[in-house]
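Below you'll find the structure, written out as structure tokens, and then a few comments.
As the structure is a prediction and not an experimental result, all values here were calculated from the model. Read the numbers this way: they start at 1 and go in the same order the structure lists the ligands and their atoms.
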Amino acid sequence: MYKLTEEGLKYLKKGLPEINLVKKLKEKELKFTDAKKLENFNIALLWAKKNNWIKIEKGILKLTEKGERATKEKYKIEELLNKVEKNELSEEEVKILSKRNLIKKEKEIRMERKEILNLTPELLKTGLWREVKFKKYNVEVPGKKIYPGKKHPLNLIIEKIREIFVEMGFEELNGPLIETAFWDMDSMFIPQDHPAREIQDTFYLSGKGDLPDKELVNKIREVQEKGGKTGSIGWKIKWNPEIARQLLLRTHTTAVTYRKFAKGIKIPSKYFCIGRVFRNEEADSTHLPEFHQAEGFIAAEGLNLRSLMGFIKEFYSKIGIEKIKFKFAYNPYTEPSLEAFGYSEKMKRWIELINSGIFRPEALAPYNIKVPVIAWGLAVERLAMFVFEKKSIKEILGHTCDLKDLREYDILKVEKW
Ligand code: PHE
């Protein structure tokens with residue numbers, strides 16, 4: 001038994017494309033470009049040409065004499081289509097229709113449609129749905145994984161840190177990546193012979209920058225050389241403005257803090273800054289020559305070491321890090337200085353998280369700041385390593401990040417902070 005294919009059924013209902021074309025051309029000639037828009041035009045063109053019904057003259061589609069007669073005479077294919085249902089086709093006729101894919105053995109049609117998943121309007125209209133076996137849905141099959149757009153984990157952490165600071169009432173500061181040594185070091189009482197200034201620690205650029213106003217420069221010179229009016233004896237070396245003018249890639253965001261000090265701060269106040277910093281260091285699992293710092297300070301009457309430790313604990317508890325250990329450290333501009341470590345239960349180890357301290361009088365006097373200022377700088381990548389349990393910073397920053405990780409990391413870890 002032969003049955004109409006979907007194409008065959010369609011033509012039976014709507015007419016054969018070549019006949020429809022001829023009918024159209026009888027009404028009026030068509031530009032080839034317009035005719036192209038007709039349904040099934042390619043098929044119509046193929047057969048109308050084969051039948052010698054049409055010609056194309058200067059881009060216009062016209063009927064031939066034979067074409068003019070075509071609709072009056074019986075068209076074989078059309079007749080045959082009508083015979084399919086009655087099962088009256090000869091072998092020859094079966095061949096003709098099969099060639100055009102208008103009929104198939106009933107069995108074949110069923111086979112083809114066995115796997116049908118959806119009930120389409122087409123199936124409904126043609127009534128074919130009665131002959132089709134629908135595939136059963138298996139609702140337990142896992143779906144195809146999709147990877148919607150996701151923030152880079154480092155950006156996510158940066159945004160969350162910003163959110164926490166803002167929530168705690170801090171204002172955000174920003175500053176340039178290219179700095180003078182003045183803002184990166186001299187302004188905060190780092191001596192000009194400090195080892196951190198060496199070329200193996202700092203990326204210097206070839207140019208020199210401008211120093212700020214003379215008044216501030218003189219105050220810095222005085223405090224560096226003799227301690228100014230702070231009671232300190234200073235570093236007791238001659239301060240060289242040329243060294244201070246040297247351009248470099250900022251080594252810490254504390255430069256931004258000091259630009260703000262020079263502009264003036266409200267008392268009491270809280271500020272923060274998040275940005276990229278650069279250090280001429282060998283790369284290893286916890287160091288890269290560039291990374292991000294989140295810096296902050298609070299200036300207010302009555303602040304002390306306890307306030308600093310309290311702030312650090314509070315900050316990290318907002319991130320879900322509860323086990324914090326402090327260790328005394330050294331910075332030329334803070335006294336005392338503290339490092340804090342957080343314990344990762346998952347990785348079973350302490351991870352260095354933050355460097356902090358109370359700014360020394362020599363680092364505040366030039367800016368006329370008379371209240372204690374507690375401050376800190378933390379490496380954002382270290383925090384990201386902690387949160388995402390990564391052993392290497394290279395899995396957090398730069399082109400060495402694993403794409404699979406970026407797609408699949410658990411965004412909710414940070415979202416629930
Ligand atoms: N600048 C320090 C660093 O880069 C961080 C810090 C900032 C420490 C402010 C104390 C006070 O590690």
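Nearest protein heavy-atom contact of atom 2 (C) of ligand 1 is Y333 OH, 3.1 Å. From the protein, the heavy atom lying nearest to atom 12 (O) of ligand 1 is N355 ND2, 2.9 Å. Looking from atom 6 (C) of ligand 1 to the surrounding protein, the closest heavy atom is G377 N, 3.7 Å. Annotation: atom 7 (C) of ligand 1 to nearest protein heavy atom, E295 OE2, 3.3 Å.
Short contacts between ligand 1 and T334, defined as distances under 4.0 Å to a heavy atom of the residue, involve ligand atoms 10 (C), 11 (C). Heavy-atom proximity to H252, at under 4.0 Å, picks out these atoms of ligand 1: 1 (N), 4 (O). Against a heavy-atom cut-off of under 4.0 Å, S356 is close to the following atoms of ligand 1: 8 (C), 10 (C).
Only side-chain heavy atoms of N331 come within less than 4.0 Å of ligand 1; its backbone N, CA, C and O stay farther off. By the criterion of a heavy-atom distance under 4.0 Å, both the backbone and the side chain of A375 are placed next to ligand 1. Contact annotation for R279 and ligand 1: only side-chain heavy atoms (C-beta onward) come within less than 4.0 Å of the ligand.
A cation-pi arrangement is present between R407 and Y147, with the terminal nitrogen or guanidinium carbon under 6.0 Å from the aromatic centre and inside a 45° cone about the axis.
How far NZ of K23 is from CD of E18: 11.0 Å, rounded to the nearest 0.5 Å. Atom CG of N101 is separated from atom CD1 of I43 by 10.0 Å, given to the nearest 0.5 angstrom. Interatomic distance, T251 OG1 to M185 CE, rounded to the nearest 0.5 Å: 4.5 Å.
Annotation: T254 places an N or O atom under 3.5 Å from an N or O atom of ligand 1; distance criterion only. Residue-to-ligand polar distances place Q293 within reach of ligand 1: an N/O pair is separated by less than 3.5 Å.
Ring-plane geometry between Y409 and F388 is classed as perpendicular, the angle between the planes exceeding 60 degrees on a 0 to 90 degree scale with a lower cut at 30. Classified by interplanar angle (parallel below 30°, tilted 30° to 60°, perpendicular above 60°), the ring pair F261/F297 is perpendicular.
By the neighbour-count criterion of 12 heavy atoms within 6.0 Å, atom CD of E242 is densely surrounded, having more than that number from other residues, nucleotides or ligands.
Side-chain N/O atoms of T254 and T257 include no donor and acceptor closer than 3.5 Å.
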